[in-house]
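Data first, discussion second: the structure below is written as C-alpha cells.
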2 protein chains.
Amino acid sequence: MAAAKVGDEELLARIGDVFRRYGYEGASLRELSAASGLEKASLYHRFPGGKEEMALAIVARAGEWLEANVFAPLRDLPAAQRVPRAAGKLREFYRNGELWCTLDVLTLSGSSDAIRAAVRGSYQAWVGAFARAAREAGLPAPEARARAQQAIIEIEGSLVISRVTGDPKIFLRVLQSLPARLTRV
Amino acid sequence: MAAAKVGDEELLARIGDVFRRYGYEGASLRELSAASGLEKASLYHRFPGGKEEMALAIVARAGEWLEANVFAPLRDLPAAQRVPRAAGKLREFYRNGELWCTLDVLTLSGSSDAIRAAVRGSYQAWVGAFARAAREAGLPAPEARARAQQAIIEIEGSLVISRVTGDPKIFLRVLQSLPARLTRV
DNA sequence: GTCTATAGCTTGATAGAC
DNA sequence: GTCTATCAAGCTATAGAC
C-alpha cells in the first residue's frame, strides 16, 4: 500500500482540533481537509463512515490519550505526584484552556446517538479514574465519587468560561485547585 | 400592519430553545422555522439580519429575562430570600437542566465576533450580579467576585455534564448548593 | 406579516484516474 | 493512498404574490 501522507496519530490530532474548536456541526469537511492537509476524498479513504466516524475516532483517541497520560499515572505514580501530574497533562490536553472538550462540543443536538454514547463512555472512565484516586487518598467511596464529579464539573465549566472571556487563566486556576479538590481529606 | 402570527416574546422563546439545543451552527433555519411556526421568509421579515440577528436577539432577551427574574430579586428581596429565589429562577431558565446555556452553545468557532461579544456581556452582567449579592452577604469584594465566578463555572459545568449523562440531577444539585457558595461567610 | 417559490452557495459524500 | 471532478441535498437568503 502507498505511504500515508500524514500518520494516523497526527491526522487524529489535527481533525480533533477542528472538532474541539467548531463542534460537530461546525466542523465542516472543508475545515477538516484544510487542517489535515488531505483532500476530502482522502479523508473518506481513511474514514469510510465520513464525519461521524471521524468524530468517533477522535473520541476514542482522546480516551486512549487520557488513559495513558492521566488515568494511568493517577494509579501508578507515587501518591504525592499523582494529581499534580494529572493536572499537568490535562493542561496539555486542553492546550492551556485554548482547546475545548469533546464532552462539551460533541453533545449538542445534531450529533448522533453513537457519538453521544461514546462521549458518555469517556466521561464515565474519567469519573472512575478520579474517584479511584480520591479513594486511594483516603476518602470514603461515596465522597470520592462526589469529589470526582465535582472536579470534572469545574474543569468543564472553567473551559466554557475561559472560552467566553478569552481568558485561559480561569481554567488554569481550576487545574491548580485539583489536588486539593481530589485528595484533601 | 397585519397582526403577527406569534408574539415577539413567544417567538424569541421558541427560537431560543432551538439555539440552546443545537448551538449556532446546528440551529438551521429549517429547525427555527419548524419550532417557531413561521416560514423562513417570515423569520427574515422579523429578523432582517438573518440567523445572526436571531442569535443576538435571543442573547439580549436572555439578558433581560435574567435581569428581571434573577439579578433584580438578588438586589431587592429580603436578604434571606435572595439566593434561593435566584436559584429557583435559574432552574426555570435552564428547564431543570434540560436546556443549555448561550454562554456554552454560542461561543464555538463559527459564530460571529458580534455574537461572542454579546455573550461576553451577558457573562459580565451575571458575574456582577452574583458578586454584588455575595458582597451584600458580608463577603469582602475580591472574595465575592471569586465566589461569583466559581458559582457560574459550576452551573455551566453541571449543565455540560447533565447533558452528557442525560441526568439533570447533577445540575439541580449544583443549584441547591448556590446559597452556601454565594453567601456563606 | 406571512406565504410559496426559488436563487446561489456550501455541505457531506462518491466515482474514477493516477 | 491521494487526487480532481462531480453529485444530490442541505443551507442561508431573497423575490414577489396575497
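Labels below follow one simple rule: chain letters A, B, ... track the order of the sequence lines, proteins then strands, and each chain is numbered from 1.
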(request) Scan residues 18-29 of chain A against DNA chain D and write down, sorted by residue number, each residue with any heavy atom closer than 4.0 Å; if none is found, say none. (result) none
(request) Drop me the distance from Phe19(B)'s CZ to Leu108(A)'s CG, to the nearest 0.5 angstrom. (result) 12.5 Å
(request) Provide, to the nearest angstrom, the distance between the CG atom belonging to Leu32(A) and the P atom belonging to dA13(C). (result) 11 Å
(request) Considering non-hydrogen atoms only, spot the tightest contact between Ile115(B) and Ala55(B) and give its length. (result) CD1-CB, 3.8 Å
(request) Check the distance between dC11(D)'s C1' and Glu52(B)'s CD and give it to me in whole angstrom. (result) 16 Å
(request) Assign Ala41(A) to base, sugar-phosphate, or nothing according to its heavy-atom contacts below 4.0 angstrom with the strands shown. (result) base
(request) Would you indicate which nucleotide in dT2(D), dC3(C), dG12(C) comes nearest to any side-chain atom of Glu39(B)? (result) dC3(C)
(message) How many whole angstroms separate atom OH of Tyr44(A) from atom P of dT6(D)?
(response) 19 Å
(request) Could you state the atom-to-atom distance from CG of Leu43(B) to P of dT4(C) in whole Å? (result) 13 Å
(request) Starting from P on dG10(D), measure out to NZ on Lys40(B) and report it in whole angstrom. (result) 11 Å
(message) So for atom CZ, which belongs to Arg46(A), do other residues, nucleotides or ligands contribute more than 12 heavy atoms lying within a distance under 6.0 Å?
(response) yes
(message) Taking 4.0 Å as the cut-off, does a side-chain nitrogen or oxygen of His45(A) come that near to OP1 or OP2 on dG1(D)?
(response) yes
(request) Send over the distance from Glu53(A) CD to dT14(C) P, rounded to a whole Å. (result) 12 Å
(request) Between dT12(D), dT2(C), dT2(D), spot the one nearest the side chain of Ser42(B), thanks. (result) dT2(C)
(message) The side chain of Arg46(B) is closest to which nucleotide in this list: dG1(D), dT2(C), dC11(D)?
(response) dT2(C)
(message) Of the listed nucleotides (dC11(D), dT11(C), dG12(C)), which one gets closest to any side-chain atom of Arg30(A)?
(response) dT11(C)
(request) For residues Tyr94(B) and Trp100(B), establish whether the separation of their ring centroids is below 6.0 Å. (result) no
(message) Without decimals, in angstroms, what is the distance between Ile115(A) CD1 and dG12(C) C1'?
(response) 13 Å
(message) Below the 4.0 Å mark, does dT12(D) have OP1 or OP2 next to a side-chain nitrogen or oxygen of Lys51(B)?
(response) yes
(message) Tell me whether the count of non-hydrogen atoms from other residues, nucleotides or ligands lying under 6.0 Å of CZ in Arg75(B) goes above 12.
(response) yes
(request) Flag yes if more than 12 heavy atoms outside Arg173(B) fall under 6.0 Å of its CZ atom; otherwise flag no. (result) yes
(request) Begin from the C-alpha positions of Arg14(B) and Asp17(B) and carry the test salt bridge (charged side-chain N to carboxylate O under 4.0 Å, His left out) through to its verdict. (result) CA-CA 5 Å; Arg14(B) 291 186 191 181; Asp17(B) 283 13; over 6 Å; no
